[in-house]
Every structure is written in C-alpha cells, then in structure tokens.
Amino acid sequence: MVTRLENTYQQGVIIQAKQAVLTQFVRPALPHQAEWVVDGKLQHYASPVQLIEYDATGRLTQSGQSQAVGLSVFNGTRRQWATFSHDD
C-alpha cells in the first residue's frame with residue numbers, strides 16, 4: 001500500500017499510529033518507513049519517527065474563531081526539517 005501511494009501521488013508516506021502499533025506491526029514490515037507517533041507523550045523517539053503528536057486536544061484560535069487541532073512537533077534538527085519539508 002505504501003509503495004502504491006508513493007507511486008500514485010509521487011510523494012512520500014508517513015505512517016501515523018500509536019507507538020505500540022508502530023513497534024509491533026509497522027517496523028517489522030517497513031523498517032525504514034517515516035513514522036508519526038500519536039501517543040500524546042513528548043519524549044525522544046528513534047530516527048524513523050518524523051513527527052510526534054503531543055496533544056491530541058489542542059486548540060488554535062485565529063480572528064476570534066477556535067478550532068480543535070492535534071499539536072505536533074518534528075523529531076529532528078533544523079537541517080533535517082529543511083530536507084524533510086523541501087517541496088520539489
């Protein structure tokens with residue numbers, strides 16, 4: 001499925017799941033797959049983890065309107081972010 005998505009959309013894929021799911025199912029089958037952990041715990045993760053959701057119930061307010069959003073951080077350096085976020 002990951003290969004088909006990458007080929008169809010010409011974009012990389014990030015698997016978003018709880019740490020237990022990533023450890024038990026994703027890493028054994030896709031050891032180099034980019035990951036997004038949604039455990040709600042901000043801690044150090046191994047290099048496959050690109051993004052970490054640390055608050056699933058965050059809120060963003062702009063112009064008097066509030067919207068629920070998951071708050072996430074990138075798990076890497078500024079240089080790694082530049083490479084990760086580069087759009088060809």
Side-chain angles (χ1 to χ4, degrees):
M1 183 170 134
V2 169
T3 302
R4 181 174 255 179
L5 287 169
E6 288 175 338
N7 291 338
T8 299
Y9 295 103
Q10 299 299 301
Q11 294 286 323
V13 172
I14 300 173
I15 304 291
Q16 181 181 18
K18 290 187 173 272
Q19 183 66 49
V21 172
L22 294 170
T23 301
Q24 186 174 357
F25 300 108
V26 177
R27 289 188 189 143
L30 302 164
H32 303 291
Q33 180 64 46
E35 300 172 358
W36 185 335
V37 177
V38 292
D39 280 339
K41 299 174 191 163
L42 189 56
Q43 59 187 14
H44 177 72
Y45 288 95
S47 60
V49 177
Q50 298 294 317
L51 297 160
I52 304 164
E53 182 179 73
Y54 64 92
D55 186 354
T57 61
R59 297 208 64 82
L60 178 66
T61 302
Q62 183 175 3
S63 301
Q65 295 184 344
S66 184
Q67 177 67 43
V69 295
L71 303 176
S72 299
V73 295
F74 180 73
N75 184 41
T77 65
R78 286 181 189 257
R79 177 174 279 156
Q80 289 169 325
W81 172 254
T83 300
F84 176 80
S85 64
H86 181 70
D87 188 7
D88 290 332

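- Taking both residues in full, the closest heavy atoms of Pro28 and Leu22 are given as CD-O, 4.2 Å, listed atom of the first, atom of the second, then distance.
- Across all non-hydrogen atoms, the minimal contact from Glu53 to Ala56 is OE1-CB, 3.6 Å.
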**OP:** Take Val37 and Leu51, measure what side chain to side chain contact (heavy atoms under 4.5 Å, CB included) needs, and give me the verdict at the end.
**Re:** CA-CA 6 Å; Val37 177; Leu51 297 160; over 6 Å; no

Just list the side-chain donor-acceptor pairs under 3.5 Å for residues 59-73, sequence neighbours left out, or say none.
from  : atom 1 : to    : atom 2 : distance (Å)
Arg59 : NE     : Ser66 : OG     : 2.9
Arg59 : NH2    : Ser66 : OG     : 3.3
Ser72 : OG     : Trp36 : NE1    : 3.4

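- Considering only heavy atoms from C-beta on, Ile15 comes within 4.5 Å of Val2 through its side chain.
- Linking ILVMFWY residues whenever their side-chain heavy atoms come closer than 4.5 Å, directly or via other members, leaves Phe25 and Met1 in distinct clusters.
- Relative orientation of the Phe74 and Trp81 rings is perpendicular, given thresholds of 30° and 60° on the angle between their planes.
- Of the possible donor and acceptor atoms, one in the side chain of Gln33 sits under 3.5 Å from a partner among the backbone N and O of Val13.
- Separating the CG atom in Leu30 from the CD atom in Glu35 is a distance of 9.0 Å, to the nearest 0.5 Å.
- Note: Thr83 OG1 to Arg78 CZ = 14.0 Å, rounded to the nearest 0.5 Å.
- A donor-acceptor contact shorter than 3.5 Å is absent between the side chain of Glu6 and the backbone of Thr3.
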